> 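Have a look at this one.
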2 protein chains.
Amino acid sequence: MTSLMQKIKEVLPQLSDAEGRIGEYVLENPEAVPHMTIKELSEKSSVSEATIIRFCKSIGIGSFKSFKLALMKDLTLTDSNLTDFSALTKKDSPYDLFHKIIHVNKSAIESCADSMDRKELAKAVEAIQHAGKIVFFGVGGSSTAAVDAQYKFTKLGYHSITSLDFHYMLSVIPHLTEKDVFVAISTSGKTKDVLELTRFAQKKGATAIAITTLSKSPLYKEADIRLCTPNVEQDFRIGSIPSRMTQLTVIDTLYMSIFQQIGEKVLQQYYDARSEMENLRR
Amino acid sequence: MTSLMQKIKEVLPQLSDAEGRIGEYVLENPEAVPHMTIKELSEKSSVSEATIIRFCKSIGIGSFKSFKLALMKDLTLTDSNLTDFSALTKKDSPYDLFHKIIHVNKSAIESCADSMDRKELAKAVEAIQHAGKIVFFGVGGSSTAAVDAQYKFTKLGYHSITSLDFHYMLSVIPHLTEKDVFVAISTSGKTKDVLELTRFAQKKGATAIAITTLSKSPLYKEADIRLCTPNVEQDFRIGSIPSRMTQLTVIDTLYMSIFQQIGEKVLQQYYDARSEMENLRR
DNA sequence: TAAATAATGAATTTTAATTTCATAACTCTC
DNA sequence: GAGAGTTATGAAATTAAAATTCATTATTTA
C-alpha cells in the first residue's frame, strides 16, 4: 500500500474544487493536520466542514478521525516533510503556531548534521578540554546560547565567562592567554561587536572558536576553529528562533563531549551539588 | 527517548488501582486503543471516563486525543528510531555524540505536541497580550529559557524582566499588579525558589503562568495557567538538555503568538532598530 | 431553456471528550 | 480512635467535535 500522502497526490487532479483545496492544504501542512479539528481544517482550507468529511471518503477513508490517525501513521513512516514557515497566515491560532514552531525547530536541528565538520568539532573539543578560561560571547538572539554555554561549562568546573556587556568583555579579554578559548557566537558572522572581541582575544593568544553559519563572513574566515550551523531560513517574523536551536545543539555537543572526557572527575561534584540542594530544600 | 509504551510500563507500579487497569489494558491491546473512544476504553478497562483522562495526565499527556495520536506514532515507530541515549558509550566520539544530541533534541521538541493544552495556551497568550509587566523566572537549566524570553518580549516592546538573583526578584515582585504576568519556568515544578516567587507574585495579584511538566507538582497545581512540557527522559548525563529545548519551544510559541497579534504595531520599531544597527555598523 | 445532476456550505443532530461535583476510602494528626 | 485533611473514583453535566441533513448554487445535458 502506498502512503496516504502519495494517495492524496494521486487523486488530487480528480478531486473537486473544494476538496482539492483540502488536499493541497494537507500536503503542505501534514504535521499540523492530525492535531486539528474539522472546523479548523475547514477554515484553513476555506471549505465547509461537510466537505472535509466528503474529502475523507473521496480518498477512501471512512471518517475524519480515521483520517487523522492514518495521517499520523504515515508521517512517522516517511518523516521528512517540508512545512514552509512562510505559510504563516493572519488566521493562525496560537496552537497552529505552536505546531509550526515544533516543525521549524525540528527541521533546524535536523539540518545541523549537514553543516558540521567532524574534524573541526574534534579540534574544538580538544581545545576546550585543555582550556583554562572559556569565554562565550554572542549578542542579540545569540546571547541565549552564550548564557546557556556559560552555565553548562561552569557546571563542569571550568572558569567560564560570558556577559552581554561589550565593555565588561573588554576588561575580561586582556587576561586571556594561549591556554584560553574564546567562543564567538554569531549567526551571520558579521556582527561587529563579536568580530572585534574575537580579534582582540586572538591578539592575546586565545583560540577563537566560531559558532556561525557556513559562509564567507569575516568571522568564518578569521576564526581558528569553525563550528558551522546550517543556513536556516531567516524570516523577520521568526527572527532567530531556529538558528538559536542550532547554536544550542552545538553547545550541547561541546558540553557532552567534554563531559564524556572528564566526566569521572566531576561526578563527585555533581552528587555533592545535588545532595546539598536537597539539604537546602531548594 | 523512551517510547510511550515503555513509559507506561515504568509508571504502572505508581498508578492507582483504576488507572493501573487502564495501563494494563493499553499494554495488552495497544493496536486497538487509538481507534477507541473514551467510553469504549472505559468499559473495557472497567473504569470511569474521567479516570481515563486522569490516566493520560498521569503519563504526561495533555488529552485523550493526544494520547491516541502519541500511541499511534509509537506503534509505527521502528527500532531504528530508538537511538537510546542510555546507549552512550565510553568510546563515543564528539561526532557520535553530536548525532545523538540531534536525535534527543529532535524527539524532545516533537513530543511537545503531546503535552500542550490548546486552551491553556490560548489563555496564556491572552494574559500576556494584555499584560503590563512580564516577569520570567527560572533557575539552573531553566534560566536559559527565562533569559531568552526576556529578550524576546523586550523586542516586542514589553516591560519584560528576569534575573537569576532571587533577592533581586524579591524586590521586583512587590510592584506587580493584577495586570501583570509572572512566568515560572521549572521542569520539575518543585524548585523552591520558583515556587516561593510564584506564590508571592500571585499574592500581589499577578497571573502565574507555569512552564513545567505535566505532573502533580506544587507548581502545576498552583499556577493559574499551565503550559506543559513533555516528560523527557531525565538522565544526569544529558542534564537539562532536552527539557530546555521544550521550554524554548514554548517560549517561541508565546513570542510568535504575541507577534502575530500585535505585529503590525511593532514592525516600524523593528525596521528602526535594524536601520540604526546598520548606521552604527554593528 | 428547462430538467437533471453535481458541488457546496449552513444548520442541525449525534457523538465524544472534558469538567465538575459528590462520595467513599484512606491517612495523618493529636 | 475521632476528626481533619487528602486521595481516588464515578455519575452527571457541560463543552467540543464529528457527522448528517437539507437547501442553495453552479454546471451539465437533452
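None of these values were measured; they are calculated from a predicted model. What you see below is based on every heavy atom in this structure, not just the backbone, and it leaves out hydrogens, waters and symmetry mates. Proteins get letters first, then strands, A, B, ... in listed order; numbering begins at 1 in each.
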> Which nucleotide in the set D:dG10, C:dT19, C:dG9 lies at the smallest distance from any side-chain heavy atom of B:K57?
C:dT19

> Relative to the 5' end of DNA chain D, which residue comes earlier, B:S48 or A:S66, by the nucleotide with the nearest heavy atom?
B:S48

> Do B:S243 and B:T246 get their side chains close enough for a donor-acceptor pair, meaning under 3.5 Å?
no

> If I take atom CZ in residue B:R54 and atom P in nucleotide D:dA8, what distance separates them, rounded to the nearest angstrom?
9 Å

> Can you tell me the distance, in whole Å, between the CZ atom of B:F55 and the P atom of D:dA8?
15 Å

> So A:K100 and A:D96, salt bridge (charged side-chain N to carboxylate O under 4.0 Å, His left out) or not? Walk me through it.
CA-CA 6 Å; A:K100 288 192 178 172; A:D96 295 329; over 6 Å; no

> Between the protein and nucleotides 12-17 of chain C, which nitrogen or oxygen pairs are less than 3.5 angstrom apart?
unit_1 : atom_1 : unit_2 : atom_2 : d
C:dA17 : OP1    : B:K68  : NZ     : 3.1
C:dA17 : OP2    : B:I38  : N      : 2.5

> Atom CD of A:E43 to atom P of D:dA16: distance rounded to whole Å?
14 Å

> Between A:I52 (CD1) and C:dA11 (C1'), how many Å, whole number?
17 Å

> Atom CG of B:D117 to atom P of C:dT18: distance rounded to whole Å?
9 Å

> For a quick test of reading the model: is some side-chain N or O of B:T51 closer than 4.0 Å to OP1 or OP2 of D:dG10?
yes

> Apply the test salt bridge (charged side-chain N to carboxylate O under 4.0 Å, His left out) to residues B:K39 and B:E49: give CA-CA distance (whole Å), side-chain angles for both, the deciding distance (0.1 Å), then the verdict.
CA-CA 6 Å; B:K39 191 137 169 273; B:E49 299 177 33; 5.8 Å; no

> Can you tell whether the side chains of B:D148 and A:R244 come within less than 4.0 Å, N to carboxylate O?
yes

> For A:L41 and C:dG9, give me the distance from atom CG to atom C1', rounded to whole Å.
15 Å

> What contact category does B:A50 fall into here, base, sugar-phosphate, or nothing, at under 4.0 angstrom with non-hydrogen atoms?
base

> Figure out the CD/C1' separation between B:E19 and D:dA8, and round it to whole Å.
8 Å

> Is there a donor-acceptor pair closer than 3.5 Å between any side-chain N or O of B:T191 and the backbone N or O of B:V194?
no

> So does B:E126 pair up with B:K123, basic N to acidic O under 4.0 Å?
no

> Does the side chain to side chain contact (heavy atoms under 4.5 Å, CB included) test come out yes or no for B:E19 and B:I52, once each step is laid out?
CA-CA 7 Å; B:E19 290 186 22; B:I52 305 275; over 6 Å; no

